[in-house]
Every structure is written in structure tokens, then in C-alpha cells.
Amino acid sequence: MDKDGLIINLEEISFGYPDRPPVLDKLNLQFCRGDRMGLMGPNGSGKTTLFHIIMGLIKHSSGRIEIFGRHVKEEKDFRSVRQRIGLLFQDADDQLFSPTVLEDVAFGPLNLGKSQDEAKAIARKTLASLGLAGFEDRITYKLSGGEKRLVSLATVLAMEPEVLLLDEPSTGLDETTEKSIIDILRGLDLSYILVSHNIDFLVETTHHVGYMANGKVSVDPESIPHTHVHTHKHGKYVHEHGRKTPNDKA
Ligand SMILES: Nc1ncnc2c1ncn2[C@@H]1O[C@H](COP(=O)(O)OP(=O)(O)O)[C@@H](O)[C@H]1O
Ligand SMILES: [Mg+2]
């Protein structure tokens with residue numbers, strides 16, 4: 001079983017896309033059960049690539065991956081990883097492919113061997129737990145961006161993962177949907193790594209933040225996400241930190 005709660009252990013992982021400079025360069029990362037880690041880093045620094053490598057969707061070129069205490073090398077090893085770790089894709093359109101919401105959310109449980117009825121019951125329950133009761137027969141591709149994000153999260157949670165990898169779950173959301181996602185994540189009894197550029201979102205949802213650059217992740221255990229008290233134009237009106245008030249310049 002996992003040693004000292006270590007559930008993802010990446011040692012010296014390197015990877016580059018063909019004919020491109022390396023994206024990951026001897027990257028090390030340790031992630032433990034119960035942890036909620038934010039991951040920041042410039043666009044193109046390799047955050048999405050890192051998640052895809054952990055899930056076995058792309059194959060690293062060197063280094064060692066241990067997940068749940070087991071060395072994962074081949075496709076069959078990653079198949080069992082994918083049953084226990086859920087990936088929320090950066091682009092919801094990569095996650096959703098069935099005609100209706102219910103079919104999309106039931107797909108994972110069906111794949112895990114549940115019957116049609118069981119899978120649909122799990123899907124309904126998961127949708128309801130995310131405030132999406134009534135969405136079952138909605139046409140997936142007609143959903144708004146925020147709705148797609150929530151349904152994507154439902155497809156992941158319906159598989160009852162032990163760990164989540166969340167790739168920019170807050171990007172492009174309106175304030176209401178962002179608040180819903182914060183509440184959902186805070187209410188989950190799950191470990192996760194969450195990519196976001198939004199420090200306010202990370203403050204609400206994670207314990208500490210790692211930073212990705214030059215093919216590596218640096219994690220400072222002392223780096224607790226926090227906001228600063230600040231003053232600016234219209235600051236006397238009640239507002240949430242990091243959001244602009246009317247007429248504010250960027
Ligand atoms: N399928 C691909 N083929 C070639 N290059 C890619 C591919 N996917 C990503 N890249 C490149 O790899 C680098 C890392 O991308 P990515 O992992 O998406 O970064 P991030 O998620 O941090 O923005 C970028 O330079 C990107 O252009
Ligand atoms: Mg990305």
C-alpha cells in the first residue's frame with residue numbers, strides 16, 4: 001500500500017513532444033493522501049502535459065512513476081490508475097462526448113462495469129449533488145461554458161475517484177459558477193491537484209501551491225496561498241478580491 005500516504009511519486013520525469021524542446025525536464029513531484037495542492041505556472045509550462053503523463057494519456061520518455069505505491073509503466077498499469085484518479089480536462093469539450101448529460105455522466109460508471117440502471121442512478125445522484133438535477137436530458141453540446149464545466153466535474157465524480165487532477169477548473173467561469181465549484185471542491189473528501197492562474201480561487205480551494213517552470217515543479221511547503229488587503233478605485237464598495245469593479249482598468 002501507499003508508503004506514508006504518498007500516492008503520486010514522480011521521479012526525474014522527462015518528456016518532449018516530437019521535434020519540440022523538452023516540456024518536462026527531470027521533474028520530481030510527491031503528492032500525499034489528504035493533500036490539496038494548487039499548481040501555477042505560465043501558459044505552455046507543461047501543467048496539462050504533466051496531468052496527461054500521470055494518467056498515462058501520453059508516455060513519458062524517462063523517469064519513474066509510482067502511483068498508490070506501485071510502479072506504473074505499461075498501459076494496463078495506467079488503466080487501473082485511471083479508475084482511481086479522475087482528470088478534469090482543461091477543455092470541457094474533450095470530456096463530454098455523449099448526446100445527453102445523463103449519458104455522459106453514466107458513461108464512466110458503465111465503463112467500470114455497472115449495469116445500465118445502476119450507472120444511471122449514480123449519474124442522477126451525482127448530478128443532484130452538484131446542483132444539476134433537471135439537467136439529465138439536456139443536450140450536452142448546447143450547454144453554456146459554466147454548465148459544461150459542472151457536468152464535466154459530474155462525469156469525473158461519478159466514477160468515485162480517490163484523487164482528482166483538475167486542469168483550470170475556474171477558467172472562463174462567471175462568479176456564480178466559480179462559487180459553486182469552490183463550494184463543491186471544499187465539500188469533497190478527496191485529495192487533488194488543481195491548476196489555476198487565479199490566486200483567489202486557490203486560496204479558497206487548496207492548502208499550498210506548487211509552481212511549474214523550466215520543466216520542473218517547485219513546491220515550497222511554506223507557500224500557503226493568501227490574499228493581500230489592497231486599495232484601489234471603487235475599493236470602498238463590497239467586492240471580492242481579484243475581481244474588477246465597474247470602470248476599473250486592468
Ligand atoms: N500535442 C502537442 N503537440 C506538440 N506540442 C504540444 C502539444 N501539446 C502541448 N504542446 C506544447 O507543449 C508545451 C506545454 O503545453 P501544456 O502542457 O499544454 O502547458 P500548460 O498546460 O502549462 O499551458 C507548450 O509549448 C505547448 O505548445
Ligand atoms: Mg494547460
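If you read the sequence from its start, that first residue is 1, and numbering goes on from there. Every number for a ligand or one of its atoms is a count from 1 in the order of the listing. From a predicted model like this one, the values you see are computed outputs, not experimental measurements.
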Donor-acceptor list for residues 12-25 side chains, cut-off 3.5 Å, not counting sequence neighbours:
{"residue": "Ser14", "atom": "OG", "partner": "Lys26", "partner atom": "N", "Å": "2.9"}
{"residue": "Tyr17", "atom": "OH", "partner": "Thr49", "partner atom": "OG1", "Å": "2.8"}

Atoms in ligand 1 flagged as close to [X], the criterion being non-hydrogen separation under 4.0 Å:
| X | answer |
| --- | --- |
| Pro42 | 22 (O) |
| Asn43 | 23 (O) |
| Val23 | 12 (O), 13 (C), 14 (C) |
| Thr49 | 14 (C), 15 (O), 16 (P), 17 (O) |

inquiry  = Side chain, backbone, both or neither: which applies to Pro18 and ligand 1 if a contact is any heavy-atom pair less than 4.0 Å apart?
reply    =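 For Pro18, no heavy atom sits under 4.0 Å from ligand 1.
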query = Which one holds for Arg20 and ligand 1: side chain close, backbone close, both close, or neither close, with close meaning a heavy atom under 4.0 Å?
reply =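 Side chain only; the backbone of Arg20 stays clear of ligand 1.
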How close does the nearest protein non-hydrogen atom get to [atom], and which residue and atom is it?
| atom | answer |
| --- | --- |
| atom 18 (O) of ligand 1 | Thr48 CB, 3.7 Å |
| atom 19 (O) of ligand 1 | Gly46 N, 3.1 Å |
| atom 22 (O) of ligand 1 | Lys47 NZ, 2.7 Å |
| atom 10 (N) of ligand 1 | Tyr17 CE1, 3.3 Å |

key: Environment of the Mg ion (ligand 2) in terms of protein N/O/S atoms, cut-off under 2.8 Å   =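 Metal shell, protein only: Thr48 OG1, Gln90 OE1.
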message = Let me confirm one number: the CG-CD1 distance from Leu166 to Ile193, rounded to the nearest 0.5 Å.
response =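 With rounding to 0.5 Å, CG (Leu166) is 9.5 Å from CD1 (Ile193).
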ask   = Is a side-chain donor or acceptor of Arg82 paired with a backbone partner of Met55 at a separation under 3.5 angstrom?
value =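 A pair under 3.5 Å: yes.
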Donor-acceptor contact below 3.5 Å, side chain Thr177 vs main chain Leu173 =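 Here the side-chain-to-backbone pair does not exist.
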Residues [X] and [Y] bridged, charged N to O under 4.0 Å:
| X | Y | result |
| --- | --- | --- |
| Glu162 | Arg33 | yes |
| Glu147 | Arg149 | no |
| Arg70 | Glu66 | no |

ask   = So, for Phe51 and Phe89, is the gap between ring centers shorter than 6.0 Å?
value =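 Phe51 vs Phe89: aromatic centres not under 6.0 Å.
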task = Taking the side chain as every heavy atom from C-beta outward, state whether Leu39 and Leu50 have any pair of such atoms under 4.5 Å apart.
result =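 Touching, per the 4.5 Å side-chain cut-off.
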request  = State, to 0.1 Å, how close Leu185 and Arg36 come at their nearest heavy-atom pair, and which atoms those are.
outcome  =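 Residues Leu185 and Arg36, closest heavy atoms: O-NH1, 3.1 Å.
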request  = Consider ligand 1: state whether an atom of it lies below 4.0 angstrom from any non-hydrogen atom of Pro21.
outcome  =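 Contact check Pro21 vs ligand 1: negative.
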task = Determine whether the side chains of Asn28 and Glu11 contain a donor N or O and an acceptor N or O closer than 3.5 Å.
result =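 Side-chain D/A pair, Asn28 to Glu11: absent.
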ask   = For atom 20 (P) of ligand 1, which candidate among Gly16, Ala213, Gly44, Gly215 provides the closest heavy atom?
value =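 Nearest option to atom 20 (P) of ligand 1, by heavy atoms: Gly44.
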ask   = Quick check: are there more than 12 heavy atoms from other residues, nucleotides or ligands sitting under 6.0 Å from NZ of Lys114?
value =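 No, not enclosed.
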